[in-house]
Amino acid sequence: MESPPIQDRFKVSDFYVMVLIHSSQYGLSYLSMPTPAIQWAGQDVWISVLISAISVHLIIFLMYRILTRRNADLIQIHQQLLGKWTGHVFNLLFLCYFMVTAAFQVSSYIKLVQAWLFPEISGWVLGFVIFLLVYYIVSGGIRTIAGICAFTLTTQVLVLTLVFSAPYFHFRNLTPIFEHTVAELIKASKPITFSYMGFELLFFYYIFVKNAPKSQRWAHAGNAATTVTYLLSMFLSILLFKPEQLAKEIWPVMTKFKFVQLPFLERFEFMGAAIHVFRVMPIVCLCLWSAARILKSVSNMKQKHAVPVILIIVLAIFCIISSDEIMEKIQTILSNFSLYLLYGYIPLLYILHLIRSKAGKVS
C-alpha cells in the first residue's frame with residue numbers, strides 16, 4: 001500500500017533534510033549532556049560521542065533502506081508490515097511518545113528560564129504562549145516548519161562567543177587518552193545518544209521531501225553537524241572543568257556563557273538562556289506535526305482539526321509534568337524508550353521488512 005501522491009508545493013527540497021535532522025537533534029538535552037557522560041568516561045568522553053554518532057549513522061542507513069523500498073511514512077509501513085490493527089497500536093505508541101516529548105521539551109525550557117532569567121515567572125503562562133506560537137507554525141505545514149528550523153540554526157553563532165573562555169583552558173585535562181574501558185565508554189554513550197534523538201522524525205516527513213531517496217546524504221550531513229557540535233561542547237567542558245566539578249553542574253554548557261564578557265552586555269548567560277527557545281521550537285513543532293498526522297490516520301480526522309486536539313492534550317501533559325520529580329522520571333522514560341527505539345525497534349523493523357520483501361508480500 002503506497003501513500004497517496006503529495007503535490008510538490010507541499011514538499012521541501014532534499015537539502016532541508018539536513019536542516020530538519022540537525023535542528024530536531026540539537027535540543028536542550030545537550031545542555032546537561034556532559035555531566036553524566038563525563039562521570040563515566042572522563043576525558044575520553046569524546047570517544048563516546050563518536051560511538052553514538054556512528055550508531056545513529058547506521059540507523060539512518062537502515063531507515064532509508066526501509067523508506068525508499070516502501071515509499072511510505074512509518075504510519076503506513078506499520079500497517080504494511082504488521083497489519084491494520086497491530087499497526088494502529090504501534091502508531092498510537094509513537095503518538096504518545098511525540099506528545100510527551102513535546103511537553104517535556106517545553107517544560108525543560110521553562111525550568112531553564114526560571115533558573116537563569118525569571119525565577120518568579122508563571123510556568124503555565126509561558127508554556128501557553130510557546131504552544132500558541134507552535135500552533136501557528138504547525139498549521140502552516142511542513143514547509144513552514146522547515147523554514148523555522150533553518151532560521152533557528154542561526155543560533156549556532158553563539159558558539160563563537162565561547163572563544164572568550166580560551167584563556168581559562170587547561171589542556172592537561174585532555175590527558176591521559178584511552179584511559180577508560182570499552183564498557184565505560186559505552187555507558188557514557190547512553191546519555192549522549194538521548195541527545196541525538198529527533199532523527200526518527202524522518203520516518204514521518206520523508207514522503208514530503210522532493211527526490212527523497214537522494215536526500216540520504218543530507219540526512220547523514222545533518223547528523224554529522226550535530227556530532228561536530230557535541231564534540232565541541234564536550235571538549236570545551238573538559239578544558240574548562242574537571243570531572244568532579246562537572247558533577248556539581250546542572251547545565252555546564254550554560255555555565256560556560258559566564259566567561260563571555262561584552263562591553264554592552266554584562267550577563268551574557270541571560271541571552272544564552274533566552275535564545276534557547278529557538279532550540280526547542282523545531283523539536284516541538286515536528287513532534288506535534290507528526291502526532292497530528294498519526295491522529296489523522298488513526299481517526300480519519302482532518303489535519304487542521306487534529307493539530308488543535310493534539311495541542312490540547314500536550315498542554316494537559318505539560319501541566320501534569322511540571323514538578324521536578326516527575327520531570328526526572330519522564331526524562332528517564334524517554335531516554336530508555338529512545339535506546340529501545342534506536343537499537344532495538346528500528347533494526348527489527350528492517351529485518352521484518354527484509355523478510356516480507358523476500359517472501360514476495362510487499363503491498
Side-chain angles (χ1 to χ4, degrees), residues 22 25-59 108 111-112 115-116 156 158-199 223-260 269 272 276 279 324 327-328 331-336 338-340 342-343:
H22 179 53
Q25 289 178 319
Y26 198 25
L28 293 184
S29 58
Y30 94 102
L31 291 177
S32 58
M33 177 182 63
T35 301
I38 288 179
Q39 288 177 358
W40 282 108
Q43 72 279 4
D44 290 329
V45 71
W46 59 272
I47 303 176
S48 299
V49 175
L50 293 178
I51 292 174
S52 297
I54 293 172
S55 65
V56 172
H57 278 298
L58 291 174
I59 297 302
S108 298
K111 296 296 183 184
L112 180 69
W116 289 87
Q156 294 285 22
L158 285 178
V159 176
L160 300 177
T161 63
L162 296 178
V163 70
F164 287 90
S165 60
Y168 306 96
F169 287 170
H170 300 280
F171 290 95
R172 290 185 179 180
N173 292 351
L174 296 172
T175 59
I177 303 176
F178 305 119
E179 185 183 35
H180 297 79
T181 64
V182 174
E184 289 173 331
L185 294 175
I186 292 177
K187 288 180 179 179
S189 68
K190 179 180 178 180
I192 297 173
T193 301
F194 178 61
S195 299
Y196 272 97
M197 297 308 293
F199 71 92
N223 189 62
T226 303
T227 302
V228 172
T229 303
Y230 289 167
L231 281 173
L232 181 60
S233 176
M234 286 298 186
F235 279 125
L236 287 173
S237 297
I238 297 171
L239 291 172
L240 288 172
F241 307 104
K242 293 182 178 179
E244 54 270 21
Q245 292 175 313
L246 280 172
K248 301 177 182 179
E249 294 287 343
I250 301 176
W251 291 296
V253 176
M254 286 298 304
T255 304
K256 284 180 280 189
F257 285 125
K258 289 185 177 181
F259 292 94
V260 181
E269 64 269 23
H276 273 80
R279 305 272 171 84
D324 293 337
M327 284 282 290
E328 290 180 4
Q331 182 171 359
T332 301
I333 293 173
L334 290 177
S335 179
N336 292 333
S338 64
L339 289 176
Y340 296 143
L342 181 62
Y343 299 117

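All residue numbers refer to positions in the sequence shown, counting from 1. Fair warning: this is a prediction, and the values are worked out from it, not measured in the lab.
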Please name all residues satisfying side-chain hydrogen bond (donor to acceptor under 3.5 Å, both in side chains) with [X], sequence neighbours left out, ordered by chain then number.
X      : result
Lys111 : Asp324
Ser55  : Tyr343
His170 : none
Thr227 : Tyr196

Apply side chain to side chain contact (heavy atoms under 4.5 Å, CB included) to the pair Ile47 and Phe178, showing each step before the final yes or no.
CA-CA 9 Å; Ile47 303 176; Phe178 305 119; 3.5 Å; yes
Main-chain N/O of [Y] paired to [X] side chain as donor or acceptor, under 3.5 Å:
X      : Y      : value
Gln43  : Ile238 : no
Tyr230 : Ala53  : no
Ser52  : Ser189 : yes

Which value, rounded to the nearest 0.5 Å, describes the distance between [X] atom [atom1] and [Y] atom [atom2]?
X      : Y      : atom1 : atom2 : result
Leu334 : Leu339 : CG    : CG    : 11.0 Å
Asn173 : Leu240 : CG    : CG    : 9.0 Å
Ile54  : Asn223 : CD1   : CG    : 10.5 Å

Testing the basics here: between [X] and [Y], what is the closest heavy-atom pair and its distance to 0.1 Å?
X      : Y      : answer
Lys190 : Ser335 : CE-OG, 4.3 Å
Val45  : Ala37  : CG2-CB, 3.6 Å
Leu236 : Phe169 : CD2-CZ, 3.3 Å
Ser108 : Met327 : OG-CE, 3.5 Å
Trp40  : His180 : O-CD2, 3.4 Å
Ser338 : Met197 : CB-CG, 3.3 Å

Among all residues two or more places apart in sequence or in another chain, which pass the ring pair (Phe, Tyr, Trp, His ring centres under 6.0 Å) test with Phe199?
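Per chain and number, Phe199 pairs via ring pair (Phe, Tyr, Trp, His ring centres under 6.0 Å) with no residue.
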Residues which pass side-chain contact (heavy atoms from CB on, under 4.5 Å) with Tyr340, listed by chain and number, not counting sequence neighbours
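Counting only residues at least two positions away or on another chain, Tyr340 forms a side-chain contact (heavy atoms from CB on, under 4.5 Å) with Asn336.
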Would you sort out whether Gln25 and Thr229 count as a side chain to side chain contact (heavy atoms under 4.5 Å, CB included), showing the intermediate values?
CA-CA 11 Å; Gln25 289 178 319; Thr229 303; over 6 Å; no
If we only count heavy atoms from C-beta on, is the Leu231 to Leu50 side-chain gap below 4.5 Å?
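Heavy-atom side-chain distance check passes, below 4.5 Å.
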